[in-house]
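To find a chain, count down the sequence lines: A is the first, B the second, and so on, and within it residues start at 1. Excluded from the calculations below are hydrogen atoms, water molecules and symmetry mates; all remaining heavy atoms, backbone and side chain alike, are included.
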Number of protein chains: 2
Amino acid sequence: MTLMERRTPDRRKQVIEAASRSFAAFGYKATTMDQVAKAAGVGKGTIYTFFANKEELFEEILKDLIRELRAVAEETVDHSLPFADNLMQVLQRVLGYRDRHALIVKLSQEVRDLGTPMAKEGLETVERSIIAYIAGHLREPMDKGEIQRADPTLTAYMMLKMYLALTSEGSHLHEPLSAEEVLTNFRFYCIEGLAVR
Amino acid sequence: MTLMERRTPDRRKQVIEAASRSFAAFGYKATTMDQVAKAAGVGKGTIYTFFANKEELFEEILKDLIRELRAVAEETVDHSLPFADNLMQVLQRVLGYRDRHALIVKLSQEVRDLGTPMAKEGLETVERSIIAYIAGHLREPMDKGEIQRADPTLTAYMMLKMYLALTSEGSHLHEPLSAEEVLTNFRFYCIEGLAVR
DNA sequence: AACTGACCAAAATAACAATTCGGTCAGTTC
DNA sequence: GAACTGACCGAATTGTTATTTTGGTCAGTT
């Protein structure tokens with residue numbers, strides 16, 4: 001197996017990794033198939049034996065990202081712990097993935113500066129996936145009475161919006177917050193609420 | 001006075017009203033000074049006796065908008081009532097101002113589609129004003145113990161973000177909410193919080 | 001059979017011409 | 001002579017055409 005790998009290296013993996021790096025570094029538009037082929041040490045045609053076109057290659061990279069985020073959440077969550085604790089743990093770990101965030105950051109910038117439709121679509125796909133994932137994990141704590149009962153999708157959407165408000169977005173309106181501050185404030189605004197108890 | 005007005009009509013007011021309508025209808029970029037002059041029934045040069053340039057005219061319109069929003073809030077708030085009630089009342093009134101919102105909506109669209117820097121700057125000015133206004137009105141209920149104590153500016157920022165998340169933004173991710181639903185959900189996510197009490 | 005890279009059409013970009021628009025000011029009006 | 005006007009100007013935008021780049025193919029090599 002190791003010998004076979006050396007003889008016939010996994011072209012698909014090479015392509016994916018080169019593409020992943022390129023999309024994160026230059027965005028969707030500025031990443032060319034020639035460039036990816038060269039970075040992967042592969043002929044351009046080879047890419048097209050695995051992916052029908054640039055769009056599908058991009059979608060595969062996004063799927064990987066989503067899969068990775070999900071895996072992180074999955075392995076962090078301890079179902080015997082309270083919902084809020086798990087949420088904070090996952091957030092903390094996700095916040096640490098600065099380099100994995102690079103793609104998201106780059107795509108956001110590309111949408112802002114260039115308005116590339118594919119980048120926009122990609123971000124929306126990721127957003128929807130995250131919302132769907134969170135929503136799916138809200139029913140349990142709601143049933144257990146750990147958090148208020150409400151529409152899971154809307155709740156997940158609001159949670160993501162609050163998270164983004166505290167991190168990437170509107171960094172020009174308030175000072176960038178440290179990871180710890182993000183955590184504390186997220187707990188405060190999302191879980192606790194403004195009302196006194 | 002009334003006779004004088006008829007003889008020498010208030011050119012400045014004419015200009016402002018024409019410009020206000022034009023900016024709301026066509027946005028910043030697509031509003032031309034020739035057009036404003038014609039709509040105001042005024043020579044183009046006259047505009048420049050009141051406003052140094054297009055930018056200053058635009059800023060005056062925005063100041064008016066902010067002044068109006070503030071007035072609405074001022075006359076709605078009853079300091080003997082609980083903070084949350086006042087907040088809901090003001091929100092309800094502001095939500096009703098569909099036509100006054102036209103400028104904001106148009107500018108948001110312009111930023112999204114054209115990326116006009118001046119429109120972006122204008123919206124940020126309005127945002128900052130609203131945040132500053134809310135922040136200034138948070139200290140009292142915090143001191144009274146009506147709401148949790150926290151950084152007023154960050155709190156105001158989060159409140160605005162939640163409001164926008166429920167109204168204009170992300171209407172492609174969830175169905176547009178009715179005014180009533182916006183109110184209920186805003187109360188839920190911003191005031192109450194997800195934690196059970 | 002797996003892989004390559006020269007090749008092609010379409011799309012993006014650059015270069016240039018034509019038009020529009022913010023801003024000025026000489027001249028008109030009252 | 002103060003208030004006002006609109007023809008006029010250069011800068012910026014838009015429309016047009018020439019040039020280059022890039023996604024995707026496929027005959028040929030390994």
Side-chain atoms of B/Arg11 come closest, of C/dC3, D/dC4, D/dG23, to D/dC4
Is it true that [Y] and [X] share a donor-acceptor pair across their side chains at a distance under 3.5 Å?
| X | Y | value |
| --- | --- | --- |
| B/Thr76 | B/Arg93 | yes |
| B/Glu110 | B/Thr116 | yes |
| A/Asp151 | A/Thr153 | no |

Run through DNA chain D and report every stem of 3 or more consecutive Watson-Crick or G-U pairs, distances under 3.5 Å, ordered by first number.
C:1-30 with D:1-30
Closest non-hydrogen atom pair, A/Arg187 against A/Ala84
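Scanning both residues completely, I find the closest heavy atoms to be NH2-CB, 3.8 Å.
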Which heavy atom of B/Tyr163 sits nearest a heavy atom of B/His101, and at what distance?
OH-CE1, 4.1 Å
Report, one line per pair, each donor and acceptor closer than 3.5 Å where one atom sits in a side chain of residues 120-132 of chain A; sequence neighbours left out.
from     : atom 1 : to       : atom 2 : distance (Å)
A/Thr125 : OG1    : A/Glu121 : O      : 2.9
A/Ser129 : OG     : A/Thr125 : O      : 3.0

Residues of residues 51-60 of chain B with any non-hydrogen atom less than 4.0 angstrom from an atom of DNA chain D: list those, numerically ordered, please.
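DNA chain D contact set from residues 51-60 of chain B: none.
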Between the main-chain N or O of B/Phe83 and the side-chain N or O of B/Glu146, is there a donor-acceptor pair closer than 3.5 Å?
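Present.
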Check this for me, if you would: do B/Arg67 and B/Glu60 make a salt bridge, where the nitrogen-to-carboxylate-oxygen distance has to be below 4.0 angstrom?
yes
Without placing hydrogens or testing angles, list every side-chain donor-acceptor pair under 3.5 Å for residues 32-44 of chain A, not counting sequence neighbours.
from    : atom 1 : to      : atom 2 : distance (Å)
A/Thr32 : OG1    : A/Gln35 : N      : 3.1
A/Gln35 : OE1    : A/Ser22 : OG     : 2.6

Just the rounded figure in Å: distance from C1' of D/dC4 to CZ of B/Arg12.
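In whole Å, D/dC4 C1' lies 17 Å from B/Arg12 CZ.
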In whole Å, what is the span from the CD1 atom of A/Ile47 to the P atom of D/dT25?
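For the pair A/Ile47 CD1 and D/dT25 P, the rounded distance is 13 Å.
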Phosphate OP1/OP2 of C/dT4: any A/Thr46 side-chain N/O under 4.0 Å:
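Yes, because at least one side-chain N or O of A/Thr46 sits under 4.0 Å from OP1 or OP2 of C/dT4.
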Got a sec? Which of residues 25-44 of chain B come in under 4.0 Å of DNA chain C, heavy atoms?
B/Thr31, B/Thr32, B/Met33, B/Lys44
Listed by chain and number, what are the ring pair (Phe, Tyr, Trp, His ring centres under 6.0 Å) partners of A/Tyr133, not counting sequence neighbours?
A/His137
